[in-house]
Each structure stands twice: as C-alpha cells, then as structure tokens.
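Below, chain A is the first sequence line, B the second, and so on; all start at residue 1.
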Amino acid sequence: MLDIKFIRENKDIVASGAKKKRVEIDLDKLLTLDDERLKMLKEVEDLRGEINRVSNDISRDQDGAHKMQLIEEMRLVKEDIKAREEKLKAVMENWQKLMLLVPNIPSPDTPEGKDESENVVIRQWGEKPKFDFEPKDHEDLGKNLGIIDKETAAEVAGARFTYLKGDLVLMQFALINFLLGILTDKETLEKIIKDKNLNVSPKPFVPVIPPFMVKPNVYLKMARLYPTEDKYYIPSDDIYLVGSAEHTLGPMHMNHIFDEAKMPVRYVGYSPAFRREAGTYGKDTKGILRVHQFEKLELETFCLPENSLQEQEFLIAIQEYFLQALGLSYEVMMICTGDMGKPDYRQIDINTWMPGQNAYRETHTSDLIASFQPRRLNTKVKRLDGKVELVHMNDATICAMGRTLIAIMENYQQADGSIKIPEILRSYMGGKEFIK
RNA sequence: GGAAACGUGGCUGAGCGGUUGAAGGCACUGGUUUCGAAAACCAGCAUCGGGGCAACUCGAUCGAGAGUUCAAAUCUCUCCGUUUCCGCCA
C-alpha cells in the first residue's frame with residue numbers, strides 16, 4: 001500500500017505509475033473521498049474531545065443539578081457522534097477498497113511495456129549445451145529413468161501433480177543442502193559481494209521452515225491475496241495454502257520495530273508452493289514445469305530504505321552464483337511495467353536454458369517491494385537518531401525445485417538417456433556421478 | 001476435542017469505572033563526575049492520524065472487534081493468541 005499522504009502530494013506520479021502498470025484506478029475519486037474522510041474525522045474527533053473534557057469536569061463537579069445537566073448534554077453529543085461515525089464508516093470502507101487497488105509505483109529503470117513480450121534481457125551467461133544427439137525433454141527422461149511419475153499422481157491427486165522418485169529426490173535435497181550451506185556462510189557471501197562490487201552487509205541468512213498456510217487478513221497485508229482464484233482455500237478453517245514461502249516469511253515481523261543496528265534481517269525459507277494455475281489450461285502441460293505443488297527455497301530480507309536497491313542486486317548476485325555453480329546458461333531479465341507484480345517497485349527475473357523446451361524459461365524472480373508491504377504489515381525500523389520509519393522488503397526465489405531439476409535433467413542429459421550429476425551436488429548424493 | 005488461567009510500552013511489571021498514555025524496575029539516549037571507564041546522580045525515552053513555521057495542540061491505541069456508561073486498561077459479549085492439565089496423535 002502506498003501512503004495516502006504521498007498519493008495526495010504526488011498524484012501525477014502515482015497516476016502515471018498505475019497507467020504504466022496497466023492498472024485502472026480512479027485517483028480523483030480516491031482523493032475526493034479522502035477530503036471527505038479527513039473532514040468527517042476532524043468533526044468526530046472534535047466532538048469526542050468535548051466529551052473527554054466535559055467528562056473530566058463531571059467527575060470533579062460537586063453540584064448535583066449541574067452535573068445531571070452536563071450528563072444529559074453529553075448523551076446528546078454521543079448520539080451525534082454515533083450518527084457521524086456511521087457515515088464515516090461507509091466512507092472509510094470505500095476509501096480502503098480504493099487504497100488496496102493502488103499499485104506500487106515502478107522504479108525509474110523499469111522498462112515500460114504492455115506485457116511479457118516487452119521485458120528486457122539485461123545480460124546473459126553461459127553457453128547453451130550442444131548435443132550430438134536429439135535432446136529429450138525432462139518428461140521423457142524422467143519417465144524412462146523412473147524418477148518422474150505423473151500418471152500415478154493424476155490418479156491419486158489429479159492433473160498437474162507429480163511423484164518425484166529416487167535419485168531425483170536425492171538431487172532436490174542436494175540442492176537444498178548446497179544452498180543452505182552458501183546462504184549461512186559469511187565467507188561465501190563476502191566473496192559474492194566482492195565479485196559484484198556491491199555495498200551490502202555479508203550477514204548470513206537464517207533458515208526458516210514457515211507455516212504453509214496463512215490467514216486471509218495476513219495474506220491481504222502481503223498484497224498477495226488477489227487474485228484469489230489462483231490460491232487454494234480451506235473454507236472449514238478460513239485459511240489459505242501459501243503460494244510461496246514469501247507469504248509467511250514476510251509477515252514474521254508484523255507490528256514490529258527493528259533496531260537499526262540489527263539490519264539487515266535475512267531469511268531463507270523452505271516450503272511447498274501451492275498454485276491452482278487457474279487460467280493456464282493447456283499451457284505447459286508436458287512434464288513438471290507447471291504443477292499445483294512444488295517446493296521452493298525463498299529469500300526474504302528486511303533492510304534500511306537506502307540499502308534496498310543494493311540488497312536486491314545482492315539477491316540477484318546469489319541467484320547467479322547458484323546457476324553458475326550448476327553451469328546452467330541463463331538470461332537476466334528486467335520485467336516491464338505491464339508484466340510486473342502490483343506490489344513491486346522493481347522486478348527482475350532469471351530465465352534458465354532448458355534444451356527440452358528449446359527456450360529460456362523462468363526459474364527465478366526477485367521483487368524489490370520497498371515499503372509497500374511494510375506499510376500494511378506495520379514493520380518498521382528505529383533509526384540511530386530515534387526516528388521510526390518503514391523498513392524496505394525484498395523477496396527472491398533462490399531455488400524453485402521442480403524447474404531447477406528440469407534444467408539440470410535437460411542440460412546434463414547423455415546420449416544413453418542418463419543424466420550426469422553436476423559436480424557441486426555429488427558430495428550430497430553419495431558421490432554418485434550419473435542418474436541412470 | 002474437554003477443563004482452567006492469562007493477553008498492559010523494547011523487556012519486566014503495577015493498575016479502585018473518573019487529570020492513567022499508563023506507577024516501579026531493566027534496557028536505551030543525553031548530561032554531571034572521571035585521564036578514561038564502572039558506579040552514582042540529573043534529565044529524556046511508545047506508535048499512528050489531524051492542525052500549526054514552531055513551542056504546541058486535538059484524537060486514536062493497554063491482543064482484535066462490538067457493547068454498557070457522561071466517562072472503560074478497568075464491566076459485558078464475540079473472536080484471535082498464549083500457557084497449564086486431561087484425551088488423542090507424528
């Protein structure tokens with residue numbers, strides 16, 4: 001959520017930001033409503049002030065008759081307040097509805113564009129592998145090796161579910177262990193920072209296994225509740241399944257004020273991501289690229305406002321370090337205004353080469369949220385000089401398991417249908433060199 | 001699932017329906033003292049919103065919401081959460 005004061009004073013910036021994001025929003029209506037809201041609020045507050053003052057007089061007044069008169073007067077004022085509050089409540093409801101629709105403004109370096117076709121590749125790394133045979137896609141590879149079973153999953157849970165089995169499961173845990181090793185190691189982080197010439201703290205990430213379900217009101221505060229069609233909901237308990245660890249990592253510090261000395265605060269969360277994939281019928285139906293449930297390691301960090309852009313660059317640097325360690329070719333893509341998330345200030349995705357798809361496909365995203373979520377979550381920082389302000393938040397994928405496994409399978413496939421295991425993962429898989 | 005207790009500021013912990021936004025302690029900040037530090041002493045120290053150049057001022061907030069009252073941290077109801085005991089369970 002944006003600050004209403006900021007919206008009032010920077011109407012043009014907010015309006016053009018929304019327009020660039022292709023979000024329809026009637027700011028004039030919001031501002032008119034806001035004027036009304038402030039006027040009514042002032043009237044109610046003044047009346048309440050009167051009651052407070054007179055009530056104090058009443059408590060000190062010894063004269064019985066005068067006291068009864070004051071009490072009667074205040075009873076009338078109270079009724080007046082009640083009536084005014086009714087009206088104020090109606091205005092507030094409309095006001096809030098409109099406020100929730102206002103998207104975050106995009107950063108100055110975000111390219112303007114209507115949809116994903118106008119995203120801009122800002123750099124590319126690595127060579128696409130050359131095969132002296134016709135490369136298969138991961139579904140065929142996985143089926144033949146007996147490590148991916150969609151058919152049984154479809155019978156048991158439905159379409160877009162999978163059984164991962166055997167060495168593929170070991171590989172998933174190898175990825176997790178490898179990454180947790182990096183993310184909790186100050187020296188590795190220092191090296192990444194130095195290589196990219198970044199100006200951020202090397203403070204390690206705290207591993208977290210967060211709740212996999214989230215209350216509706218908390219989801220709303222994360223600005224991730226809508227569209228609800230894409231979320232799994234359990235009516236009997238009025239609760240949603242998370243679509244990412246971000247959804248329950250972000251609210252870890254709701255209504256909290258950090259000390260500046262403790263910043264930044266960094267977490268790496270492991271959780272499944274549940275997605276209904278509404279509206280994607282017929283899209284990516286082959287393999288496990290798009291499924292209802294996949295596991296993910298997700299980064300979530302809280303930092304000082306002036307450091308948040310560097311923090312995002314840092315998270316991207318870690319993503320690239322990871323893909324380079326796996327030897328996978330990728331492209332870093334600046335997401336354009338029309339394709340980026342509503343709460344995002346700046347969004348950068350990484351697409352990894354997948355030979356079976358003959359395309360770079362999205363494996364990572366990083367969202368610089370700035371103060372958009374913190375304003376709703378009420379997460380702040382007390383500066384050294386005593387001032388309190390909103391923190392900035394960043395979140396980023398570090399490893400979406402399914403898609404990373406796809407990339408490894410398709411890039412490391414051999415002519416005989418086996419899969420070579422990337423060297424960095426072998427020590428976590430009993431020294432094994434191939435899945436076959 | 002059954003029973004009970006409890007939710008107050010960064011922490012701890014008082015709080016009779018009426019100058020209580022909240023005693024006391026700890027922590028923190030500034031000052032005095034010191035060569036420096038500790039200790040001691042003095043002072044300051046919640047957040048949000050409105051108005052004002054400012055000093056300041058008005059309102060809201062004692063888990064959340066609703067209610068009773070001229071007046072609610074204090075009384076009532078609902079919800080959320082925590083703790084303990086019993087049951088069940090990985």
Side-chain angles (χ1 to χ4, degrees), chain A residues 1-9 30-96 98-99 209-222 225 234-240 248 251-263 265 272 302 304-305 371-391:
Chain A
M1 192 147 64
L2 292 179
D3 183 2
I4 182 63
K5 249 198 252 174
F6 179 86
I7 299 175
R8 249 186 274 154
E9 286 159 18
L30 174 62
L31 292 179
T32 308
L33 214 51
D34 192 51
D35 289 341
E36 211 175 320
R37 172 190 141 254
L38 287 179
K39 184 166 156 269
M40 293 170 87
L41 202 59
K42 176 109 173 67
E43 288 167 357
V44 168
E45 283 181 357
D46 286 347
L47 287 174
R48 232 198 292 269
E50 191 188 340
I51 286 190
N52 286 343
R53 263 193 313 280
V54 175
S55 288
N56 275 336
D57 291 345
I58 290 172
S59 71
R60 271 170 298 192
D61 190 354
Q62 298 304 311
D63 177 0
H66 185 49
K67 190 184 243 176
M68 290 313 290
Q69 189 194 333
L70 288 178
I71 288 177
E72 191 48 40
E73 277 173 24
M74 287 309 102
R75 189 171 291 153
L76 292 176
V77 173
K78 203 178 79 173
E79 273 167 30
D80 190 16
I81 290 180
K82 225 171 187 173
R84 286 171 191 275
E85 276 184 331
E86 286 290 307
K87 284 187 212 154
L88 180 60
K89 201 179 158 194
V91 170
M92 282 300 286
E93 270 170 21
N94 281 328
W95 183 86
Q96 255 153 1
L98 285 177
M99 280 297 279
I209 297 178
F212 303 159
M213 298 188 201
V214 60
K215 296 179 183 181
N217 67 321
V218 178
Y219 226 164
L220 187 66
K221 284 179 186 182
M222 284 296 287
L225 179 59
I234 302 175
S236 59
D237 294 279
D238 188 28
I239 203 160
Y240 284 89
T248 42
M252 281 175 79
H253 297 287
M254 275 195 295
N255 302 315
H256 183 254
I257 301 175
F258 291 107
D259 282 328
E260 175 168 350
K262 294 210 177 106
M263 308 305 285
V265 172
F302 302 81
L304 298 174
S371 59
F372 199 81
Q373 288 169 337
R375 183 165 290 108
R376 289 191 200 175
L377 294 166
N378 193 25
T379 302
K380 300 178 177 178
V381 56
K382 186 172 203 165
R383 305 304 298 248
L384 296 176
D385 64 8
K387 286 212 180 79
V388 175
E389 61 182 323
L390 293 168
V391 295

Between A:R75 and A:K215, the residue closer to the 5' end of RNA chain B by nearest nucleotide is A:R75

Shortest non-hydrogen contact from [X] to [Y]?
X: A:H253; Y: A:T379; value: O-OG1, 2.7 Å
X: A:E260; Y: A:R383; value: OE1-NE, 2.8 Å
X: A:M254; Y: A:V218; value: CE-CG2, 4.0 Å
X: A:T248; Y: A:M252; value: O-CG, 3.6 Å

Scan [X] against the nucleic acid and name what it touches under 4.0 Å (heavy atoms): base, sugar-phosphate only, or nothing.
X: A:V44; value: nothing
X: A:R8; value: sugar-phosphate
X: A:K262; value: nothing

Counting only side-chain N and O atoms of A:K382, is one of them less than 4.0 Å from OP1 or OP2 of B:C28?
no

Under 4.0 Å between a side-chain N or O of A:K380 and OP1 or OP2 of B:C48?
yes

Would you call the rings of A:Y240 and A:Y219 parallel, tilted or perpendicular, taking 30° and 60° as the class edges?
perpendicular

Base-pairing mate for B:A46 - Watson-Crick or G-U, with both contacts under 3.5 Å:
B:U61

Atom-pair distance ([atom1] on [X]; [atom2] on [N]), nearest Å:
X: A:M1; N: B:G49; atom1: CE; atom2: P; answer: 11 Å
X: A:N378; N: B:U47; atom1: CG; atom2: P; answer: 12 Å
X: A:R383; N: B:U47; atom1: CZ; atom2: P; answer: 15 Å

Under the rule for ring pair (Phe, Tyr, Trp, His ring centres under 6.0 Å), what residues qualify as partners of A:F372, not counting sequence neighbours?
none

Side-chain atoms of residues 43-51 of chain A: list all donor-acceptor pairs with protein atoms under 3.5 Å, sequence neighbours left out, distances to 0.1 Å.
residue: A:E43; atom: OE1; partner: A:R84; partner atom: NH1; Å: 2.9
residue: A:D46; atom: OD1; partner: A:K42; partner atom: NZ; Å: 3.4
residue: A:D46; atom: OD2; partner: A:K42; partner atom: NZ; Å: 3.2
residue: A:R48; atom: NH1; partner: A:E85; partner atom: OE2; Å: 3.1
residue: A:R48; atom: NH2; partner: A:E85; partner atom: OE2; Å: 3.0

Kindly give the atom pairs (protein nitrogen or oxygen, nucleotide nitrogen or oxygen) under 3.5 Å for nucleotides 88-90 of chain B.
none

For nucleotides 15-23 of chain B, tabulate all protein N/O to nucleotide N/O atom pairs closer than 3.5 Å, reporting atom names and distance.
residue: B:G18; atom: O2'; partner: A:S59; partner atom: OG; Å: 3.1
residue: B:G18; atom: N2; partner: A:S55; partner atom: O; Å: 3.2

Protein within reach of the bases, or only the backbone? For nucleotides 63-68 of chain B, mark each nucleotide 5' to 3' as B, S or -, using heavy atoms under 4.0 Å.
-----S

Quick tally for nucleotides 53-61 of chain B: nucleotides whose base has a protein heavy atom under 4.0 Å get B, sugar-phosphate-only ones S, the rest -, giving -----SSS-

